[in-house]
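What follows is a short report on a single structure.
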Amino acid sequence: MEEWKQLLGDTITSPEELAQKLSLDKEIITTVHQKYPLRINPYYLSLIKDVNDPIWRQAVPDAMELDDTGFVDPLAEEDHSPVPNLTHRYPDRVLFYVTSQCAMYCRFCTRKRKVGYTCQSSTHDIASGLQYIREHPEIRDVVLSGGDPLIMEDDKIEYLLSKLREISHIQIIRIGTRIPVTLPQRITEKLCSVLKKYHPLYINCHFNHPREISEESTRACAMLAEAGIPLGNQSVLLKGVNDSPVIMKELVQKLLAIRVKPYYLYQMDLVSGADHFRTDVSAGLSIIKMLRGHTSGLAVPHYVVDTPKGGGKVALIPEPIVAYNDDSILLKNYEGDVYSYPTTLGQLTPVDMA
Ligand SMILES: *Cc1c(COP(=O)(O)O)cnc(C)c1O
Ligand code: SF4
């Protein structure tokens, strides 16, 4: 049996087993588990060093999940679903949820109301998603999401990618996955040989903390990069996990070193059962402020708020414009110094240049 299947087979999914393993209160875990699924595989579990450390917080159920804020479907993904399992929010690209399974169930997950419940997206839902994409020539970019698309068997992944590649208006395919972080053993030579047949293919992974960059995840990212796949990263800003400029700086620098480009840093959505992870917006702005100019521009992600009710993503930047009129714009740089730049064309005189 392949190693990753063995690891998944040895995964903890019962409250009793987890409570025993980590010496936790079985009743609390059981109550949380009645609301939200539980899955921690031995690899991710091995990254935990201490009670409540940043790895633990992402994986181990907590009583705070029972505080119900009443938020459901924060992004109104279902209001923008023309067919089941597909969201068409932007003009030229769609999100296609191809499975509801993951290698681990993250406690902060935006889709925690949905992931982990049905066995897999039914063949019917995949077919109706494909049909919708075929019938909409304006779609040039398909983002495969879930759940975690790479939890699927190689042949299922190959089937999906080949069907998408048959559609001539599809320029790029993207896969959003946490597998390189939560179960890097899943990235096999066989999987890479499937993926690389369907270029241009992009993968966005989801590292949240520098301690998730292990020998195994480094190897997984190297294999994907060697298969010619550009790698990006989407992190979620999480209280008690990565809401500090020092930790985020270490994370983004280490990501570049394993050939992964930081793409988005998400402000937490309004997720029922995960509100204890939410930070003030100022936490995200300070992180960007401490990155921009202080380290490689390549390392700086876009800090985005996915606006409630399906308004889409909006990028936030710490205000660099000090003043702005018809003549000039005054800009503050990363050291806090202010510089002037002409606002419109044709006003430069040799005096200005002096
Ligand atoms: C995030 C998202 C996308 C992809 O957005 P990009 O900014 O192009 O990465 C597409 N559709 C939906 C509904 C999304 O939430
Ligand atoms: S892997 Fe992604 S979809 Fe799955 S539980 Fe974690 S955050 Fe949610």
Side-chain angles (χ1 to χ4, degrees), residues 8 11 13 36-41 44 55 57-61 65 73-82 85-117 121 129 133 136 138-152 171-184 186 202-209 212 230 232-238 241 261-269 271 273-274 277 301-315:
L8 271 185
T11 285
T13 52
Y36 303 111
L38 161 67
R39 178 179 256 188
I40 313 178
N41 69 63
Y44 199 82
I55 307 294
R57 280 171 180 271
Q58 293 183 65
V60 180
E65 293 175 49
D73 190 16
L75 308 178
E77 285 173 332
E78 272 130 41
D79 296 346
H80 288 97
S81 283
N85 292 331
L86 185 139
T87 301
H88 194 176
R89 168 68 188 79
Y90 294 109
D92 64 345
R93 55 209 190 279
V94 292
L95 267 189
F96 189 4
Y97 314 100
V98 294
T99 172
S100 61
Q101 300 289 299
C102 305
M104 162 171 120
Y105 293 120
C106 309
R107 306 326 299 173
F108 55 83
C109 181
T110 288
R111 302 204 187 100
K112 69 188 286 175
R113 74 190 185 283
K114 292 208 310 199
V115 297
Y117 289 113
S121 278
I133 295 166
H136 289 78
E138 70 275 22
I139 301 170
R140 38 161 291 287
D141 174 1
V142 175
V143 183
L144 300 180
S145 180
D148 197 320
L150 295 186
I151 197 80
M152 299 190 302
Q171 291 174 346
I172 64 169
I173 301 171
R174 297 193 255 174
I175 298 177
T177 174
R178 244 202 135 192
I179 286 275
V181 186
T182 53
L183 188 63
R186 166 68 184 106
Y202 290 72
I203 285 185
N204 268 319
C205 19
H206 179 170
F207 288 89
N208 287 328
H209 193 276
E212 293 172 334
N233 188 64
Q234 322 199 98
S235 298
V236 183
L237 183 55
L238 300 167
V241 174
K261 157 85 184 88
Y263 176 47
Y264 281 144
L265 171 63
Y266 284 98
Q267 171 65 17
M268 265 291 288
D269 295 326
V271 185
F277 284 111
H302 303 284
Y303 173 43
V304 292
V305 174
D306 216 342
T307 51
K309 305 207 174 108
K313 299 177 184 67
V314 177

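Note that the structure is predicted; figures quoted are calculated from it, not measured. In listed order, ligands and their atoms are each counted from 1.
Distances below 4.0 Å separate heavy atoms of Leu95 from the following atoms of ligand 1: 11 (N), 12 (C), 13 (C), 14 (C), 15 (O). Those atoms of ligand 1 with a heavy atom of Thr87 less than 4.0 angstrom away are 13 (C). Atoms of ligand 1 found under 4.0 Å from any heavy atom of Tyr263 (numbered from 1 in listed order, with element): 6 (P), 7 (O), 8 (O), 9 (O). Atoms of ligand 1 lying under 4.0 Å from any heavy atom of Arg89, numbered from 1 in the order shown and given with element: 13 (C). Shown in contact with Tyr264 at under 4.0 Å from a heavy atom are these atoms of ligand 1, numbered in order with element: 6 (P), 7 (O), 9 (O).
Screening Asp141, Leu95, Ile203 for a side chain to side chain contact (heavy atoms under 4.5 Å, CB included) involving Arg174 leaves a single residue, Asp141.
Counting only heavy atoms from C-beta outward, the side chains of Pro61 and Arg107 approach each other to under 4.5 Å.
The single protein non-hydrogen atom nearest to atom 1 (C) of ligand 1 is Lys313 NZ, 1.4 Å, given as residue, atom name and distance. From the protein, the heavy atom lying nearest to atom 1 (S) of ligand 2 is Arg178 CB, 3.6 Å. In this structure, atom 6 (Fe) of ligand 2 lies nearest to the protein heavy atom Cys106 SG, 2.3 Å. Protein heavy atom closest to atom 8 (Fe) of ligand 2, with residue, atom name and distance, is Cys109 SG, 2.3 Å. Nearest to atom 4 (Fe) of ligand 2 among the protein's heavy atoms is Cys102 SG, 2.3 Å. What sits closest to atom 10 (C) of ligand 1 on the protein, heavy atoms only, is Tyr90 CD1, 3.6 Å.
By the criterion of a heavy-atom distance under 4.0 Å, the side chain of Arg174, and not its backbone, is placed next to ligand 1. Neither the backbone nor the side chain of Arg111 has a heavy atom within less than 4.0 Å of ligand 2. Residue contacts with ligand 1 for His80 are absent, since no atom lies close enough (heavy atoms, distance under 4.0 Å).
In this structure, Arg178 pairs ionically with Glu212, as a charged nitrogen and a carboxylate oxygen lie closer than 4.0 Å.
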Could you please spell out the steps behind the ring-ring contact (aromatic ring centres under 6.0 Å, His included) verdict for Tyr44 and His209? CA-CA 13 Å; Tyr44 199 82; His209 193 276; over 10 Å; no
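Relative to the six-membered ring of Tyr266, Lys313 misses at least one condition, a distance below 6.0 Å or an angle of at most 45° to the axis.
Checking Gln267 against Tyr303 by side-chain atom types alone, a donor-acceptor pair falls below 3.5 Å.
Formation of a donor-acceptor pair under 3.5 Å by the His206 side chain with backbone atoms of Asn208 is not found in this model. The backbone N or O of His80 sits nowhere less than 3.5 Å from a side-chain atom of Arg89 that would complete a donor-acceptor pair. In this structure, Thr13 contributes its side chain and Leu38 its backbone to no donor-acceptor pair below 3.5 Å.
Taking 4.0 Å as the cut-off, Met104 counts as a neighbour of ligand 2 on heavy-atom distance.
Polar contact check, Arg93 against ligand 1: a nitrogen or oxygen pair lies under 3.5 Å apart.
Summarising the geometry of Arg39 relative to Gln101, their closest heavy-atom pair is NH1-OE1, 3.7 Å, with the distance given to 0.1 Å.
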